[in-house]
K.L.:
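Structure incoming, see below.
Quick note: residue numbers are just sequence positions, from 1.
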Amino acid sequence: IISVEPDTPDETMNELFEKYDLDIVYDYENFNMYAVSVSEPLDAEQTDSFIKELEQYDYILAVEPDSVVYLDSSAEVQ
């Protein structure tokens, strides 16, 4: 999930998505966030490196890797 400054133009984001070959999974318009997927799977080290690279852009506030959170500890992991 990529969180960006509220005034970031769509064109700027589209250029970023194209540069890194990212697909938009979901656009959280009201929260200035995008869920994206990469074209090739990344291991943990590559993911950390990629996140650090994206966070260098002035308009990017935060980048979080995909994760699953279970609110009920009795839930079975699929």
K.L.:
My understanding is that only residues two or more places apart in sequence, or in another chain, count here; which of them pass side-chain hydrogen bond (donor to acceptor under 3.5 Å, both in side chains) with Tyr20?
P.N.:
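Listed in chain order: Glu53, Tyr57.
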K.L.:
Identify all side-chain donor-acceptor contacts of residues 22-30 below 3.5 Å with residues at least two apart in sequence or on another chain.
P.N.:
| from | atom 1 | to | atom 2 | distance (Å) |
| --- | --- | --- | --- | --- |
| Asp27 | OD1 | Glu29 | N | 3.4 |

K.L.:
Count the heavy atoms belonging to other residues, nucleotides or ligands that lie under 6.0 Å from CG of Asp10, then report whether that count exceeds 12.
P.N.:
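Atom CG in Asp10 is not crowded, with 12 or fewer foreign heavy atoms closer than 6.0 Å.
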K.L.:
For the atom pair CD1 (Ile1) and OG (Ser67), what is the distance rounded to the nearest 0.5 Å?
P.N.:
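Result: 7.5 Å between the selected atoms.
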K.L.:
So which atom in Ile51 and which in Pro65 form the shortest heavy-atom distance, rounded to 0.1 Å?
P.N.:
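Closest heavy-atom pair between Ile51 and Pro65: CD1-CD, 3.7 Å.
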K.L.:
Please indicate whether Asp58 has more than 12 foreign heavy atoms, meaning atoms of other residues, nucleotides or ligands, lying under 6.0 Å from its CG.
P.N.:
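Counting neighbours around CG of Asp58, 12 or fewer heavy atoms of other residues, nucleotides or ligands fall under 6.0 Å, so no.
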K.L.:
Please say whether more than 12 non-hydrogen atoms of neighbouring residues, nucleotides or ligands are located less than 6.0 Å from CG in Asp66.
P.N.:
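No - once you tally the heavy atoms of other residues, nucleotides and ligands closer than 6.0 Å, there are 12 at most.
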K.L.:
Atom CG of Asp43 and atom CD of Gln46: how far apart are they, to the nearest 0.5 Å?
P.N.:
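Nearest 0.5 Å value for the CG-CD distance: 4.0 Å.
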K.L.:
Is Glu5 close to Leu61 at the side-chain level, that is, under 4.5 Å between some pair of heavy atoms?
P.N.:
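Counting from C-beta outward, Leu61 and Glu5 do come under 4.5 Å.
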K.L.:
Does one hydrophobic cluster hold both Met33 and Val36, with members joined at side-chain heavy-atom distances below 4.5 Å?
P.N.:
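In one cluster: no.
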K.L.:
If you round to the nearest 0.5 Å, how far is NZ of Lys52 from CD of Gln56?
P.N.:
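Gln56 atom CD to Lys52 atom NZ measures 10.0 Å (nearest 0.5 Å).
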K.L.:
Compare all side-chain heavy atoms of Ile60 with those of Ile2 and state whether any distance is below 4.5 angstrom.
P.N.:
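Touching, per the 4.5 Å side-chain cut-off.
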K.L.:
Using side-chain heavy atoms (C-beta onward) and a distance below 4.5 Å, is Leu54 in contact with Leu16?
P.N.:
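Yes, close enough: below the 4.5 Å cut-off.
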K.L.:
Given the rule that I, L, V, M, F, W and Y join up when any side-chain heavy atoms are under 4.5 Å apart, are Val4 and Phe31 in one cluster?
P.N.:
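No, Val4 does not connect to Phe31 through the hydrophobic network.
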